[in-house]
Amino acid sequence: MESQYTLLLLQKIIDAQAAPLPGLTRRDVWLPAVPGKALAVIGMRRAGKTSFLWQLLADRHAQGTPREGLLYISFEDERLAGMQASDLDALVEAYYRRHPEWRDQRHCTFFLDEIQTVPGWEPFARRLLDTENIELFLSGSSAKLLSREVATSMRGRALEATVTPFSFREALRHAGREPGKPPGHLTKGEQSQLDHDLGAYLQHGGFAEAQGLDTRSRSELLRSYVDGVLLRDVMERHNLSQPQVLRWLVQQLLGNAAGAFSINKFHADLRSRGVPVAKDTLHQMLAHLEDAFLLHSVALATDSIRRQQVNPRKVYPVDTGLIALFDRSGKPNTGHALEVAVLHTLLRSGAQVGYVLTPAGCEVDFHAALPSGEQWLVQVCLDLGDSATLQREVHALQDARQQWPQARCLLVAQQVPPTVALPPGIELHRASHWLLEGRP
Ligand SMILES: Nc1ncnc2c1ncn2[C@@H]1O[C@H](COP(=O)(O)OP(=O)(O)OP(=O)(O)O)[C@@H](O)[C@H]1O
């Protein structure tokens, strides 16, 4: 079917297929392997979704699919403004006009970026899967291509892969310093470089564009990312009218990264200052911030829904680099940054994560239920140098283990003393190794 966009789409196809493959840092994103489904690549703005689509395309090419069988199209193009769902068929027509040999017998792959700019694109995407034998990867701005909406609108025909800022290993790879051997085999000099790199990663975070920037430029960049989320992904998208309340909320949440947050307390505080806002609005704002991937909240690990509801959630930013933006102490908050990095490592491995508060009042940072069925109790600690700290952390793990006797107990510490006596069943891991490996 001809459309006013056919010629333009044809030109975009020719240009995209002639473009050299970008030299990107390889991402270790987990992909669900379910044939016949579209894969929606989601994540916070600037986390690297488009780049990851290109990685997937390059992988297909390396595995033998010629470039003609791989089509990347970005709909974020002012010349396509006004395109409607009915015009999307023109894309398939333009593609087959250029590559008639792929129409019948071959299995081509489309990478549709910023697809959400075409209203009503979902039936088109479903049809590509069902009738055209086209494998489909989708990505879009987190403001519009929200995970649960993709799931609903694609009627179960799409699965998701989440792209986060670089992990520690990916950040090292980006800098050309990924160790080529297991961390346990590093020389003293290599280990000391790795520890130094970890310190930098915890401060600077993993956004690709923030790597290697000086402090002031990095703050400006990360602030612009956060502003983009607040303005476009939350305020504009959800038609909210209290920008200042949203800013206070974010300051409160991220100024206390890895801390417990109570909407009730925050609401009471605003009321006492004469700010009229409904508690429900605050709950919604928090949910929108999570949907936009700016932060992740962790509930108490328990089977009791009631206990989960009455206990506050702990809130973690998507990236350690954001901590310094909101911290008012003026000192680098490395302890919290390490907790954030450990949490994201657990989440990347597909774990369900909660925090632990034992009946005796001991706290353990994370209980992680892994897809394999394994359970871990993870205590994160900066420095285990003094024996009182060590004893306290070990005691908390032992106490928590009474609730989860099957769980492995891990102490993950940035500074590990050369010799340390631990009771049976408690494993000690150097943070730089644990984050590098992604699992013990
Ligand atoms: N794997 C990577 N290697 C090198 N640079 C990267 C990588 N991933 C992202 N970047 C850089 O980070 C920036 C943002 O990446 P990208 O456009 O892929 O993110 P996005 O999530 O699609 O952004 P948006 O939310 O704006 O659509 C770009 O400048 C890109 O070059």
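Ligands are counted one by one from 1 in listed order, and the atoms in each one are counted from 1 as well. Please read these numbers as outputs of a predicted model, since none were measured by experiment. In what follows, residues are counted from 1 in the order of the sequence shown.
- Using a 4.0 Å cut-off between heavy atoms, Arg26 makes no contact with ligand 1 at all.
- For ligand 1, the polar-atom distance check against Ala47 finds a nitrogen or oxygen pair separated by under 3.5 Å.
- At a threshold of 4.0 Å, the pair Arg273-Asp269 counts as salt-bridged, since one of the basic side-chain nitrogens sits closer than that to a carboxylate oxygen.
- Aromatic pair Tyr316/Tyr355: ring centres not closer than 6.0 Å.
- Listed for the Asn133 side chain is no donor-acceptor partner under 3.5 Å among the backbone atoms of His107.
- In this structure, the side chain of Arg218 engages the main chain of Leu213 through a donor-acceptor pair within 3.5 Å.
- Nearest to atom 9 (C) of ligand 1 by heavy-atom distance, out of Gly23, Ala210, Gly228, Ser51, is Ser51.
- When only interatomic distances are considered, the shortest N/O to N/O separation between Arg27 and ligand 1 does not fall below 3.5 Å.
- Under 3.5 Å, the side chains of Gln242 and Gln244 contain no donor-acceptor pair of N or O atoms.
- Counting only N and O atoms by type, the side chains of Gln211 and His204 include no donor and acceptor under 3.5 Å apart.
- Counting the atoms of ligand 1 from 1 in the order shown, those under 4.0 Å from a heavy atom of Glu114 are 27 (O).
- Atoms of ligand 1 lying under 4.0 Å from any heavy atom of Gly48, numbered from 1 in the order shown and given with element: 8 (N), 9 (C), 15 (O), 16 (P), 18 (O), 19 (O), 20 (P), 21 (O).
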**OP:** Before giving the answer on salt bridge (Lys or Arg N to Asp or Glu O under 4.0 Å), spell out for Glu339 and Lys314 the whole-Å C-alpha distance, their side-chain angles and the decisive distance to 0.1 Å.
**Re:** CA-CA 11 Å; Glu339 247 183 85; Lys314 292 193 175 185; 5.6 Å; no
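- Proximity to Arg45 (heavy-atom distance under 4.0 Å) selects the following atoms of ligand 1: 25 (O).
- Residue Glu209 approaches ligand 1 through these ligand atoms, each under 4.0 Å from one of its heavy atoms: 12 (O), 13 (C), 29 (O).
- If you look at His174 next to ligand 1, the close heavy atoms, those under 4.0 Å, all belong to the side chain.
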